[in-house]
Amino acid sequence: RRSSARAKLHRAGLPVPESAPPREIARQVRERFAGAAQADAVRDIDDWLVRLEQQRYSAQPGQGLAALRADFARLRWPR
């Protein structure tokens, strides 16, 4: 999903390096798209990326992926 998020952000004008972890992608999203018109979408993307980072280091790494995938599909991406 991180690669899908990168592709969507690239289309929105924010190229994210392949090596960037979710917390770094979240930081870049906050900096680039912090405008008032997109504040809700930016917060949702930031929250999702933080959850992805938590999943990455979870003691049970497979658990919770279905919810992350479903939430990813519902995210509103900046344009």
Chemist: Grab the two heavy atoms, one from Ala12 and one from Pro78, that are nearest each other, plus how far apart they are.
Modeler: CB-O, 3.0 Å
Chemist: If you look at every heavy atom in Arg51 and Asp71, which pair is closest and at what distance?
Modeler: NH2-OD2, 2.6 Å
Chemist: Compute the centroid of each ring, for Phe33 and then for Trp77, and state whether the two points are separated by less than 6.0 Å.
Modeler: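 Ring centres of Trp77 and Phe33 not closer than 6.0 Å.
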Chemist: Any heavy-atom pair between the side chains of Ile25 and Gln28 that's under 4.5 Å?
Modeler: no
Chemist: Give me the atom names and distance for the closest heavy-atom approach of Leu49 to Pro22.
Modeler: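 Nearest heavy atoms, Leu49 then Pro22: O-CB, 3.4 Å.
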Chemist: Partners of Arg23 by salt bridge (Lys or Arg N to Asp or Glu O under 4.0 Å), sequence neighbours excluded?
Modeler: Glu53
Chemist: Checking Pro15 now: which residues fulfil side-chain contact (heavy atoms from CB on, under 4.5 Å) with it, not counting sequence neighbours?
Modeler: His10
Chemist: Kindly check if the number of other-residue, nucleotide or ligand heavy atoms within 6.0 Å of CD (Glu31) is above 12?
Modeler: yes
Chemist: Of all residues at least two apart in sequence or in a different chain, which pass the salt bridge (Lys or Arg N to Asp or Glu O under 4.0 Å) check with Asp47?
Modeler: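 Partners of Asp47 by the salt bridge (Lys or Arg N to Asp or Glu O under 4.0 Å) criterion come out as none, since no residue qualifies.
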Chemist: State, yes or no, whether a side-chain contact exists between Leu52 and Arg56 at a heavy-atom distance under 4.5 Å.
Modeler: no
Chemist: Which residues pass the side-chain contact (heavy atoms from CB on, under 4.5 Å) test with Leu65, sequence neighbours left out?
Modeler: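 Gln55, Leu68, Arg69.
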Chemist: If you compare all heavy atoms of Phe72 against all heavy atoms of Ser4, which two are closest, and at what distance to 0.1 Å?
Modeler: CZ-CB, 3.4 Å
Chemist: Let me confirm one number: the CD-CZ distance from Gln38 to Arg32, rounded to the nearest 0.5 Å.
Modeler: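 Rounded to the nearest 0.5 Å, the CD-CZ separation comes to 8.0 Å.
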Chemist: Who are the side-chain contact (heavy atoms from CB on, under 4.5 Å) partners of Arg30, not counting sequence neighbours?
Modeler: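 Checked Arg30 against side-chain contact (heavy atoms from CB on, under 4.5 Å); matches are Ala26, Arg27, Val42, Asp46.
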Chemist: Check whether any side-chain heavy atom of Pro17 lies under 4.5 Å from a side-chain heavy atom of Arg6, and answer yes or no.
Modeler: no
Chemist: If you group Ile, Leu, Val, Met, Phe, Trp and Tyr by side-chain heavy-atom gaps below 4.5 Å, do Val16 and Leu75 land in one group?
Modeler: yes
